[in-house]
There are 2 protein chains.
Amino acid sequence: MIGLRHLETLDAIREAGSLVEAAERLHVTQSALSHQLRDLEDRLGVSLLNRRTRPVRFTVAGERLLALADQVLPLMRQGLRDIRSLATGQSGRLHLAIECHACFQWLMPALDRFREQWPQVELDLSAAFAFAPQPALLRGDLDMVISSDPVEHDALLWLPLFSYELVLAVARDSVLAARDFIDAQSLADQTLITYPVERERLDIFTAFLDHAGVEPAQIRRTELTPMMIQLVAAGRGVAALPNWAISEYLQHDLICSVPLGKQGVWRTLHAGIRREEAEVPFLQEFIQTAKQESLRGLQGIRAAS
Amino acid sequence: MIGLRHLETLDAIREAGSLVEAAERLHVTQSALSHQLRDLEDRLGVSLLNRRTRPVRFTVAGERLLALADQVLPLMRQGLRDIRSLATGQSGRLHLAIECHACFQWLMPALDRFREQWPQVELDLSAAFAFAPQPALLRGDLDMVISSDPVEHDALLWLPLFSYELVLAVARDSVLAARDFIDAQSLADQTLITYPVERERLDIFTAFLDHAGVEPAQIRRTELTPMMIQLVAAGRGVAALPNWAISEYLQHDLICSVPLGKQGVWRTLHAGIRREEAEVPFLQEFIQTAKQESLRGLQGIRAAS
DNA sequence: TCTTTAAGATGAGATTTTCTCATGATAGGT
DNA sequence: ACCTATCATGAGAAAATCTCATCTTAAAGA
């Protein structure tokens, strides 16, 4: 019935004072404006402006439409600017989920640095312990998933961040502390301290114990890595943790770490995003930042070992 | 680039939850919406919504456009309503100009009644003593002119309101008071009291004295009809006024009135409007109201005579 | 797991809208 | 009274938008 084109035309006519001049500004012919205006007037059933004066004079109805233009056009322009900003990846949303508890340790500094560099990006972090992150990523609830168990999918892209070794944290005075590596059997009489998530999500089971059909003597759960360390240090149990997650404690000689099995258990953390967003600048940037941050952690480990 | 159609489509999709349902509501095919959406996404360079979920999920960019729709669409709808109201003549503007001083007398009650009946119409009154009202009417500054000197014009419509007699108001004890009528010569030794406007706008000259080539001995000017009456009653001069303008004073025997010339000087008041607005309801209504109001004045005269 | 079903995507062609070109009409300035 | 600049108009071209028919795919049911 009445479109933005009409509002823009009326606005231009007001600024220009005549159809001819307005047509030039809008890069169309005077004829186009004349037709357009006449069609609009016919459909609305009102005269919008008196073309016989110089500059042209708007009727009451014309003034009303100009007021409408003054309200609507700036809103549209701002909306379009925002969309462009989103499209070019200058602003946007990064809803992030992590599947591993320990990741907070290297993630937090990375997030801080990212926030500084991309203040326009709405950042949100959730722990994906209680739900499956892949479907959420696919449907757009999430924009990135940090996981060591990437599930391949056509619409997803999994980018490796870094590899790490899952090691067993043991008390310094434990009999296990002296071993070059630990076999599964050795855990049969130990208390294992884990994060409180399903067993299927714990690498110590899926990548080590289940293979050998071994079950620890007891399982204790806690959410907090520092508390885990305290329990281990006190000889109340052992915990399987990423090497970078405990490097700090190793340096302070609070605990010892021993590889799991002769080859050790190695895992790789991946960042998963939707393939369609592969080119979004701030996503690429974030992954770079995350890699750098994890590198610092690894350097710490080298220094410690 | 981005039109109202798109905003309406997105809004409908949000309400409906799917393209198919939204297409039904908008009375187009699902295909149309699919094409429309894809074109928009291509042009903007962003995905707007994820069609694979039920209901569909909007991306950040999509949400931004929906927010825009929520701002813009209500404004457009209200604007359209206002225009319709203007188009059907339920609201509008009546900028009125009168060319005769005395007209205020019958116009004021008419305006009061009109204001009650058409509160939506913006009413404005100006006295057209210092400018030419016809051009202002043509160019849209005015919407109606009350004049006893209608100038015919293709784009204008002059509707007669009522006829009146221009009479000479004289003191009761004046020698002129006894006359059946007054000839031009009789004014040669009189003081004539007029409104302070150009001589060409005074009927007493153009329609009576100029004919006979007579000039009054003296001319006095005043803006206010009651003051004119007081001066006349005090024998300080005579004044040419419409019969209805002085009926009240005649009834109270403050002054006398005498016809100008044997046939009297008769004039007809007209309401002039733009021909294109001939059908505007509140203009027709106003003219009706004005006629009725003037009729009351004439009844007063009959009662007085 | 295999159907079934409903939704969305796509290409071609029809329809509608909007524009340009060429020309006519008109008002204001000289 | 004649220019000159402005707006109007009709016909046809160009562009945008829609429909129809058909395909692909995801999710629900057997």
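Chain letters run A, B, ... following the sequence lines, proteins first and then strands; every chain starts at 1.
The interatomic distance linking A:E41 (CD) with D:dC7 (P) rounds to 13 Å, in whole Å. Distance B:M1 CE to C:dT18 P: 18 Å, rounded to the nearest Å. Spacing between atom CD1 of B:I2 and atom P of D:dA16 amounts to 16 Å, rounded to whole angstrom units. The distance between atom CD of B:E24 and atom P of D:dT19, rounded to the nearest whole Å, is 13 Å. Straight-line distance from the CG atom of A:D39 to the P atom of D:dG10: 12 Å, rounded to whole Å. Straight-line distance from the CG atom of A:L33 to the P atom of D:dC7: 9 Å, rounded to whole Å. We find that CG of B:D42 is positioned 12 Å from P of C:dG11, with the value rounded to whole Å. Look at CG on A:L37: it is 16 Å from P on D:dT6, rounded to the nearest Å.
The base of D:dG10 lies close enough to the side chain of A:H35 for a donor and an acceptor atom to sit less than 3.5 Å apart. Between the side chain of B:S31 and the base of D:dC20, a donor-acceptor pair under 3.5 Å is found. With hydrogens and angles left out, the side chain of A:S34 and the base of D:dT9 share no donor-acceptor pair within 3.5 Å. Side chain B:Q30 to base C:dA9: a donor-acceptor pair is found below 3.5 Å.
Atom CZ of A:R52 has 12 or fewer neighbouring heavy atoms from other residues, nucleotides or ligands inside a 6.0 Å radius. The neighbour count for A:R275 CZ, taken as heavy atoms of other residues, nucleotides or ligands under 6.0 Å away, is above 12. The environment of CZ in A:R43 is crowded: more than 12 heavy-atom neighbours from other residues, nucleotides or ligands sit within 6.0 Å.
Scanning both residues, A:T88 and A:P281, for their nearest heavy atoms gives O-CG, 3.6 Å.
Distance alone, capped at 3.5 Å, places no donor-acceptor pair between the A:H211 side chain and the A:F208 backbone. Checked by atom type and distance alone, the side chain of A:Q120 never pairs as donor or acceptor with a backbone atom of A:G92 at under 3.5 Å. The main-chain N or O of B:V56 is never found under 3.5 Å from a side-chain atom of B:R51 such that the two would form a donor-acceptor pair.
Using a 4.0 Å cut-off, no side-chain N or O of A:Q36 falls inside it from OP1 or OP2 of C:dT18. In terms of phosphate contacts, B:R54 brings no side-chain nitrogen or oxygen within less than 4.0 Å of OP1 or OP2 of D:dA27. Dashed line: the shortest gap from a side-chain N or O of B:R51 to OP1 or OP2 of D:dA26 is not under 4.0 Å. Taking only side-chain nitrogens and oxygens, A:R52 never comes nearer than 4.0 Å to OP1 or OP2 of D:dC7.
Of the candidate nucleotides C:dG8, D:dC18, C:dA27, C:dG8 has the atom lying nearest to any side-chain atom of B:V56.
Both A:R5 and A:T53 lie close to DNA chain D; mapped to their nearest nucleotides by heavy-atom distance, the more 5′-ward contact belongs to A:T53.
Near DNA chain C, meaning a heavy atom under 4.0 Å from it, residues 11-22 of chain B has B:S18, B:L19, B:V20 in order of number.
Ring pair A:W158/A:H270 is perpendicular by interplanar angle, where above 60° counts as perpendicular and below 30° as parallel.
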